2 protein chains.
Amino acid sequence: MALNKKQSFGKKEQDLAECSKALAHPARIAILKVLAQHNECICGEIVDVLPLAQSTVSQHLKELKNAGLIIGTIDGPRSCYCINWKAFEKFNREFSFLFNHLKTEQACC
Amino acid sequence: MALNKKQSFGKKEQDLAECSKALAHPARIAILKVLAQHNECICGEIVDVLPLAQSTVSQHLKELKNAGLIIGTIDGPRSCYCINWKAFEKFNREFSFLFNHLKTEQACC
DNA sequence: ATCTTATATCGCAAATATACGATTAATATT
DNA sequence: AATATTAATCGTATATTTGCGATATAAGAT
């Protein structure tokens, strides 16, 4: 039975995996790309650009928000999203930290 | 129906997502950590360290291998894995490239 | 007050991922 | 040749993700 074994791992491993999971879909990468390219926040424009239904895009946005990778603010009847650069830098740092141990002295393979 | 819409996105988005997906489980992060810490390749030692069955670990290793993040060579009756640093560097480069556009001039949120 | 617009949420179906025990394959050891 | 060891694969159950239409919510326009 696929019981949840994820909790058996350390917090750092879980956090990194969680963050990676948020990036694990081309639609969410595409959303981030759009947000990065526009200096100002966007909302339903993302729906126009992506080949997905509005409800699906909304769900992807929610996942990115939950992972802390984007920030969403309500602006009248519309929502405004933008990238949380601090979270990205943290991700990058954690990522590098974990694998910067023996990069130089690789003995095999 | 959850038809595969992933193919509707660009190759770069798909590749990045694919790579991220490989990192999207704490077990696989843990495996990579073990491989990074040991200068030499490992195999069933990973099974001893992780709280998972042998078959499950084997499956995770396969996914990491398919994503190109690790390299596996057969050494007699045992298998020997190690990190593919080049793939990691490529991932890091792609990742940074995608989000290094407007990091500095953030106007909102 | 009603209508429009923008977005989130719900409910569902299909697809994928996770996990394990059992089995298989391949090599060493006896 | 028979046995033990190591790891991959198969079959299966369960859990999670993906995707959409329909509906709800919330604010602005008429």
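Fair warning: this is a prediction, and the values are worked out from it, not measured in the lab. All chains are named by letter (A, B, ...) in the order of the sequence lines, taking the proteins before the strands, and each is independently numbered beginning at 1.
Checked by atom type and distance alone, the side chain of A:Gln54 never pairs as donor or acceptor with a backbone atom of A:Val47 at under 3.5 Å.
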Just distance, no hydrogens or angles: give the donor-acceptor pairs under 3.5 Å from side chains in residues 16-32 of chain A, sequence neighbours left out.
unit_1  : atom_1 : unit_2  : atom_2 : d
A:Ser20 : OG     : A:Leu16 : O      : 2.8
A:His25 : ND1    : A:Ala27 : N      : 3.0
A:Arg28 : NE     : A:Ala22 : O      : 2.7
A:Arg28 : NH1    : A:His60 : ND1    : 2.9
A:Arg28 : NH1    : A:Glu63 : OE1    : 3.2
A:Arg28 : NH2    : A:Lys21 : O      : 3.1

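Taking 4.0 angstrom as the limit, A:Asn4 places none of its side-chain polar atoms (N or O) nearer than this to OP1 or OP2 of D:dT14. For B:Lys5, a side-chain nitrogen or oxygen approaches OP1 or OP2 of D:dC20 to under 4.0 Å.
Note: NZ (A:Lys6) to P (D:dT14) measures 18 Å, nearest angstrom. For the pair A:Asp75 CG and D:dA27 C1', the interatomic distance rounds to 11 Å; values are reported in whole Å. Protein atom CD of A:Gln7 is 14 Å distant from nucleotide atom P of C:dT18, rounded to whole Å.
Residue-level contact check: B:Leu52 touches the backbone only, with heavy atoms under 4.0 Å from sugar-phosphate atoms and none from bases.
Residues forming a salt bridge (Lys or Arg N to Asp or Glu O under 4.0 Å) with B:Lys11 (at least two apart in sequence, or on another chain): B:Asp15. Judged as a side chain to side chain contact (heavy atoms under 4.5 Å, CB included), and not counting sequence neighbours, the contacts of B:Ser8 are A:Pro51, B:Lys5. Contacts of A:Glu13 classified as side chain to side chain donor-acceptor pair (under 3.5 Å), with partners at least two apart in sequence or in another chain: B:Lys33.
Shortest non-hydrogen contact noted between A:Leu35 and A:Tyr81 is CD2-O, 3.4 Å.
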Can you give me the N/O atom pairs linking the protein to nucleotides 5-12 of chain C at distances under 3.5 Å, or say none if there are none?
unit_1 : atom_1 : unit_2  : atom_2 : d
C:dT7  : OP1    : A:Gly44 : N      : 3.2
C:dT7  : OP1    : A:Ser79 : N      : 3.4
C:dT7  : OP2    : A:Gly44 : N      : 3.1
C:dT7  : O3'    : A:Ser79 : OG     : 3.2
C:dA8  : OP1    : A:Ser79 : OG     : 3.0
C:dA8  : OP1    : A:Tyr81 : OH     : 2.4
C:dA8  : OP2    : A:Ser58 : OG     : 2.9
C:dA8  : N7     : A:Gln54 : NE2    : 2.8
C:dA8  : N6     : A:Gln54 : OE1    : 3.1

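Of the residues in residues 10-32 of chain A, A:Lys21, A:His25, A:Arg28 come within less than 4.0 Å of DNA chain D through at least one heavy atom, sorted by number.
Aromatic rings from B:Phe91 and A:Phe95 are positioned such that their centres are separated by under 6.0 Å.
For residues 64-79 of chain B, no pair satisfies salt bridge (charged side-chain N to carboxylate O under 4.0 Å, His left out), with sequence neighbours left out.
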